[in-house]
Amino acid sequence: MNKIKPEQLLELEQPFIKVPNEQLKKTLRNQTKYLEKEISNINDKIEDCVKKAKADRITSSQAMAIIDELLVRLRKLGRKLDDIKKEEQLYTTRTKIRLEHLKNTSQVAPTDKEAFNRWSKLRLDRVLVDYMLRKGFNDTARKMAEDSEISEMVDVELFAQSARIEEALKQHSCSECIQWCSDNRNSLKKLKSTLEFNLRLQEYIELVRLGKKTEAIQYVQKYLSSWSESHLRQLEQAMALLAFPKDTLCEPYKSLYDSRRWKKLIDQFKADNFALCCLTSQPLLSITLQAGLSALKTPQCQQHEDKNLNCPVCDTSTLGALAENLPLSHHVNSSIVCRLSGKKIDENNPPMLLPNGRVYSLQALEEMASKNNGYITCPRTGDTFELVETRKLYIS
Amino acid sequence: MDALTSQYSVLLEKQQQLNNVIPSRLDRLKEVLQEAKKNLENDPSNWKESLVLMQQKSKAQNFQKELKDYSGAVSKYGKAIEKTFKQDPTIASDPTAFSGKEHILDRAVALHFIRQGQFQLSESFIKEAGMANDEEIGSSATELKFKFKKMYDIIQELEEGKTESAIKWASEHHEELNKRGSSLAFQLHRLRFIKLLETSNMEALYYGRTHFDEFADRHLPEIRRLMTSLIYHNKLSQSPYADLISEQDWLGIRNTFQRDFCALLNMSADSPLYISVLVGTMALPTIIKVVTIMNTRRTEWSQQDELPVEIPLPDDLRFHSVFACPVSKEQATALNPPMMMPCGHVICKESLTRLSKSSRNSARFKCPYCPSESSAAQAVQVYF
């Protein structure tokens, strides 16, 4: 544990802080939009009213009616702003808690084992909740967040919002996702996302599938023509689709009709959503496990007689199977662990070679010999030798 | 980190200012409109002037300055974030590494929940992940749950200072524990003895007489100490045996118990998922740095099946011996085992054959570390 530098741990936390910041920026944008739009609308209406009054085109009671209308609008604006404020408050508190947590992390003394263990358990819980949210196991995720008191460190609502859209796409409905695209149009354009085009294309394909050819053509004219410069080839293909029935075997039209396109749409939506919110594109669990399993994997993990009960990679039914295709850990220096005592072998505890080729640490052999009249038994082969028959090895 | 927090406090300030201003100015606007309305009702002759007045006053209620300040603070905070967190962890991982193995990952997570004693979570997870039909998990889950529930019950009692059920368990399994060389049973009795010592001298004495007998061959020195500490019955903390009362012992006994319990079940002492994630968290910063450097310099790592960098692990997380040949710096594998030359130095087989081939005298060559000579046939394979 004393090899960890707290600043290094901070480097992993980019999404931790970025996500609520993105959410905060979004609420700010909403708020600005509403406030400025409504206020300028109201001012315009007032100006209009005054102009008409000066030109004697309205009566006093009409002016009063206009004022009433404006008052109603003001009230609505106030309520809307309250809602936005509540959401903003959520993100603000969340950012504050997360910043606190990071500050505490950076101040943990590297040798404070208790504190480090607590922090690692917390991080494991966070990583697991993130994994479960991404796979849609929302009940377990929520329960776990409550149990471990990490509700502010995970983004349950974000996934709930996107779950709605994914559900709609599963039911073959594009409208919610198209709505989402128009809400986030600017950011999606920065990402150069083709999601909206694909959604429109899919709706068009569904129209053709049902045989509603005239509607399909109108749809293209209304929604897809704006994409003609960037996606000409695909548009041409799509138009040609009109000539093929839905059970055609001719490529590429067969794949256009394929219902697996919906799955691809869901995946594309997920990827774009994560990119917008600054979440990592893969679950944190995958990223961390890959690094961890690789760092632990040694050539001995595949061999049966070298299995260590405590090594996660040796367990072939679960983590060992996951680690199959991962790279091995890299070592430039030897580090030998004595099989008898489990202790490290170094200058204070040198390795001793038995006549049968097996090596154990001097301390473990001395202890065994002291209890057995100077004789030692190799645990791997069962051969017995005297302690004096061993000789010292030099491994570096 | 500090820059970030200070930037964030500035943001909070501006946000607060904006929030203070909004309701008051909206109310003011409302008042202006209502005032105008009243004027229209009461004083119909001057209604046009009232309207003009209203227009002027409403124009004065705007939020430009506060909004600008707030968005300025937000964008500065965003920039501070960019400066503090420069790394995206995703570049260090391969998106297809676990493809096709998701069910194994789910299985590992479910097992983790059971091991940690979070049984409700494990049930809910198994249900949502659709693993109820998975045979591996289904039957073994209930079995494991039962066993781990027992373990957690006993640990709970140990936390409260009660050793009875732990002692019972230890005696039920004393054969296997002895084979492992575990001294769990003796340590439990020892703690109970010490606890009794705090209350009654005679009870502790009788307890020692009854139970310490079977441990005499292995733990005689400690038993001697314990029985002698009876003299200091009420003044243990001022006696030379003050170290017997230690909270650390109770913590240690829980760990030992957990370790032995899991070992008897043929499982690792800690949840393997926890260990892997812990190691992963330690390894990631180094890996990310190396990958970033490799990407900017457009170099490739020559050995495709090894990590490009060494991850130093703390001693209690080393589960295997690793031998790196001092000559070639490569890891020893089954095909390339470590060999010992008669002088006592160990290098890997490939380096050995290379040395013997390149030496002028075909049979003998010099050890790279000492002047002694040997031949390839004299080298012995060692097993760590």
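Order of the sequence lines fixes the chain letters, A, B, ..., with proteins taken first and strands second; residue numbering starts at 1 for each chain.
The two residues Met144(A) and Phe113(B) come nearest to each other via the heavy atoms CE-CE2, 3.7 Å. Shortest non-hydrogen contact noted between Lys103(A) and Thr5(B) is CD-CG2, 4.3 Å.
Contact annotation for Arg391(A): only side-chain heavy atoms (C-beta onward) come within less than 4.5 Å of a heavy atom of chain B. Neither the backbone nor the side chain of Leu284(A) comes within less than 4.5 Å of any heavy atom of chain B. Residue Arg29(A) does not touch chain B at all, counting heavy-atom pairs closer than 4.5 Å. For Leu393(A), the parts lying near chain B are the backbone and the side chain together; criterion is any non-hydrogen pair under 4.5 Å. Of the atoms belonging to Leu28(A), it is side-chain heavy atoms, and not backbone ones, that fall under 4.5 Å from chain B. Contacts between Asp147(A) and chain B at a heavy-atom distance below 4.5 Å involve the side chain alone, from C-beta outward. In this structure, chain B has a heavy atom under 4.5 Å from the side chain of Leu285(A), while its backbone stays farther away. Contacts of Leu105(B) with chain A are made by both backbone and side-chain atoms, with heavy-atom separations under 4.5 Å. Neither the backbone nor the side chain of Leu354(A) has a heavy atom closer than 4.5 Å to any heavy atom of chain B. Contact of Leu353(A) with chain B is made through the side chain alone, with heavy-atom distances under 4.5 Å. Using a 4.5 Å cut-off between heavy atoms, Leu26(B) contacts chain A through both its backbone and its side chain. With a 4.5 angstrom heavy-atom cutoff, Glu100(A) does not touch chain B via any of its atoms. The contact between Val277(B) and chain A is made by backbone and side chain atoms together, counting heavy-atom distances below 4.5 Å. For chain B, the nearby parts of Asp139(A) are the backbone and the side chain; heavy atoms of each come within less than 4.5 Å. For Gln31(A), the part sitting under 4.5 Å from any heavy atom of chain B is the side chain, from C-beta outward, and nothing else. For Leu35(A), the part sitting under 4.5 Å from any heavy atom of chain B is the side chain, from C-beta outward, and nothing else. Heavy atoms closer than 4.5 Å to chain B are found in the side chain of Leu74(A), but not in its backbone.
Distance check, rounded to the nearest 0.5 Å: CD of Gln331(B) to OG1 of Thr298(A) gives 7.5 Å. Interatomic distance, Glu88(A) CD to Leu18(B) CG, rounded to the nearest 0.5 Å: 7.5 Å. Rounding to the nearest 0.5 Å places SG of Cys278(A) at 8.5 Å from CD1 of Ile81(B). To the nearest 0.5 angstrom, Glu102(B) atom CD is 9.5 Å from Leu322(A) atom CG. Considering CG of Leu124(A) and OG1 of Thr281(B), their distance stands at 8.5 Å, rounded to 0.5 Å.
Of the possible donor and acceptor atoms, none in the side chain of Thr288(A) sits under 3.5 Å from a partner among the backbone N and O of Gly280(B). Here the side chain of Ser321(B) pairs a donor or acceptor atom with the backbone of Val337(A) at under 3.5 angstrom. Judged by distance alone, with hydrogens and angles left aside, the side-chain atoms of Glu310(B) form no donor-acceptor pair with the main-chain N or O of Ser329(A) at under 3.5 Å. No side-chain donor-acceptor contact under 3.5 Å links Gln381(B) to the backbone of Gly357(A).
Residues Lys135(A) and Asp106(B) are paired through a salt bridge, judged by an N-O separation under 4.0 Å between the basic side chain and the carboxylate. Here Glu82(B) pairs with Lys18(A) in a salt bridge; the nearest charged N to carboxylate O distance falls below 4.0 Å.
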Thr95(A)/Tyr77(B) under side-chain contact (heavy atoms from CB on, under 4.5 Å): CA gap, chis, key distance, verdict: CA-CA 12 Å; Thr95(A) 312; Tyr77(B) 172 63; 3.1 Å; yes

Apply side-chain contact (heavy atoms from CB on, under 4.5 Å) to Ser335(A) and Phe323(B), showing your working. CA-CA 6 Å; Ser335(A) 70; Phe323(B) 176 72; over 6 Å; no

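For Arg98(A), the side-chain hydrogen bond (donor to acceptor under 3.5 Å, both in side chains) criterion is met by Asp155(A), not counting sequence neighbours.
With contacts defined as side-chain heavy-atom distances shorter than 4.5 Å, the pair Thr92(A)/Gln15(B) qualifies. When side chains are defined from C-beta on, Leu128(A) does not count as touching Phe125(B), because their heavy atoms never get closer than 4.5 Å.
Under the 6.0 Å distance and 45° angle rule, Lys96(A) does not count as a cation-pi partner of Tyr8(B).
In terms of heavy-atom pairs under 4.5 Å with chain A, the best-connected choice from Ile311(B), Val279(B), Val322(B) is Val322(B). The choice from Asn19(B), Leu4(B), Leu11(B) that makes the most heavy-atom pairs within less than 4.5 Å of chain A is Asn19(B).
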